[in-house]
Amino acid sequence: MAKIGKRARAAREAFADKSNLSVEDAVALVKGNAKAKFDETIEIAMNLGVDPRHADQMVRGVVGLPNGTGKDVRVAVFARGAKAEEAEKAGADIVGAEDLMEIVQGGKIDFDRCIATPDMMPVVGRLGKVLGPRNLMPNPKIGTVTMDVAQAVKDAKGGQVQFKAEKAGVVHAGVGKASFDQAKLVENIRAFIGAVQKAKPTGAKGSYLKRISLTSTMGPGVTIDVADAASE
């Protein structure tokens, strides 16, 4: 416990007054202080000037990170017949219809992304209270309600990240692993920030990007200079 306490204090001291950094400097600092025995996830949080309770201020979208997330994404697909076979061939981890609905209703959600063909939405719709709070509900606006299930599975497996503003107007996501090269993390982060910028809703008033912070799973966070982050 003493060693852990010393490491924590050392990390806090290293991060003292480290605010409004460039994306490159923030990545270097967070990556350099990811000292856990496992490969920590690098996480971004963006505080936006929106109130998601209003429909015209909801921020939601999807972005394909150029260097992937480093995470093994488990994908579930609601489909029947030929489309179910297509999903399986594309690498979906779980494929089903009413049988999958019953599994999810029973509380077993062993997947990170949920895709459905349009004809399956009456079945999936019954799971709104279960999938909705977990941001797993299929949605045509982000490509998870589609007839092209093979491409949707490949996108999910290949580093595509979904984002959605929470009640406080915060969007967060994992954008890579501490083991990634610094340049690859920077590229992923700028791609994510760019996607959130493009998703600015019509009802957003005043400053849209208010605060951006970066951290690793076990480490302290730093803030990124919004002007620098939004410059590309």
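The shown structure was predicted, so the numbers you read here are calculated from the model rather than taken from an experiment. We number each residue from 1, following the sequence as shown.
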Side-chain (Asp228) to main-chain (Val226) donor-acceptor, under 3.5 angstrom: no
ILVMFWY cluster, Val153 and Val95 together (side-chain gap under 4.5 Å): yes
Electrostatic pair Asp39:Lys71 at N-O distance under 4.0 angstrom: no
Heavy-atom check, side chain of Val50 versus side chain of Pro201, under 4.5 Å: yes
Glu166 and Pro52, any side-chain heavy atoms less than 4.5 Å apart: no
Taking every non-hydrogen atom, the tightest pair across Leu131 and Pro138: CD1-CD, 4.4 Å
Minimum side-chain heavy-atom gap Val77-Ile94 below 4.5 Å: no
Inter-residue atom distance Lys210.NZ - Leu48.CG, 0.5 Å rounding: 9.5 Å
Over all atoms of both residues, closest heavy-atom pair of Val222 and Ala26: CG2-CB, 3.8 Å
Exercise: do Thr41 and Lys177 side chains pair donor with acceptor under 3.5 Å: yes
ILVMFWY network linking Val62 to Met137, side-chain heavy atoms under 4.5 angstrom: no
Expected output: side-chain Lys31 to main-chain Ala178 donor-acceptor under 3.5 Å: yes
Selection residues 40-57 - residue pairs positive for salt bridge (Lys or Arg N to Asp or Glu O under 4.0 Å), sequence neighbours left out: Asp51-Arg53
Residues Asp112, Arg74: salt bridge by 4.0 Å N-O rule: no
Phe78 and Val145, any side-chain heavy atoms less than 4.5 Å apart: no
Check against side-chain contact (heavy atoms from CB on, under 4.5 Å), Arg134 and Val130: CA-CA 7 Å; Arg134 294 173 172 82; Val130 180; 3.8 Å; yes
Sole candidate of Val75, Val124, Leu136, Asn139 that passes side chain to side chain contact (heavy atoms under 4.5 Å, CB included) when paired with Thr144: Asn139
Atom of Ala191, atom of Val63 and distance for their closest heavy-atom approach: O-CG2, 3.8 Å
Hphob cluster co-occupancy, Phe163 + Val170, side-chain heavy atoms under 4.5 angstrom: no
Spacing of Ile42 atom CD1 and Thr69 atom OG1 [to the nearest 0.5 Å]: 12.5 Å
Arg113 and Gln160 side chains, donor-acceptor separation under 3.5 Å: yes
Test item: Asn188 side-chain N/O and Asn67 main-chain N/O as donor-acceptor pair under 3.5 Å: yes
Side chain to side chain donor-acceptor pair (under 3.5 Å) involving Thr217 - partner list, sequence neighbours excluded: none
For Tyr208, ring pair (Phe, Tyr, Trp, His ring centres under 6.0 Å) partners two or more places apart: none
Contact check, side chains of Lys164 and Val59, non-hydrogen atoms, under 4.5 Å: no
Distance-only polar pair, side chains of Thr117 and Asp119, donor-acceptor under 3.5 Å: yes
Evaluation steps, salt bridge (charged side-chain N to carboxylate O under 4.0 Å, His left out), between Lys83 and Glu88: CA-CA 9 Å; Lys83 287 299 174 181; Glu88 290 175 350; over 6 Å; no
Spatial distance of atom CD1 (Ile224) from atom CG (Leu209) [nearest 0.5 Å]: 11.0 Å
Residues Arg211, Asp225: salt bridge by 4.0 Å N-O rule: no
SB check Arg126 Glu102 (cutoff 4.0 Å): no
Where Val30 and Leu214 come nearest, the two heavy atoms and their spacing: CG2-O, 3.7 Å
Nearest-0.5 Å distance, CG of residue Asn135 to SG of residue Cys114: 11.5 Å
Residue pair Gln105 / Leu127, side-chain heavy-atom distance below 4.5 Å: yes
Atom pair CG/CG of Asp25 and Asn20 - distance to nearest 0.5 Å: 12.0 Å
Side-chain heavy-atom pair Gln182, Val186 within 4.5 angstrom cut-off: yes
Note: Glu98-Arg80 ion pair, threshold 4.0 Å (strictly below): yes
Minimum heavy-atom distance Ala76-Leu100, with the two atoms named: CB-CD2, 4.4 Å
Beyond-backbone contact of Ile212 with Ile193, side-chain heavy atoms, under 4.5 angstrom: yes
Verify same cluster id: Leu29, Leu185 (apolar side-chain graph, 4.5 Å): yes
Donor-acceptor contact below 3.5 Å, side chain Asp148 vs main chain Gln151: yes
Over 12 non-hydrogen atoms of neighbours within 6.0 angstrom of CE in Met218: no
Transitive ILVMFWY side-chain link Val104 to Ile115, under 4.5 Å: no
Straight-line distance of Ile189 CD1 to Glu24 CD, nearest 0.5 Å: 9.0 Å
Short N-O contact, Glu86 and Lys89, less than 4.0 angstrom: no
Atom of Gly174, atom of Val161 and distance for their closest heavy-atom approach: O-CG2, 4.1 Å
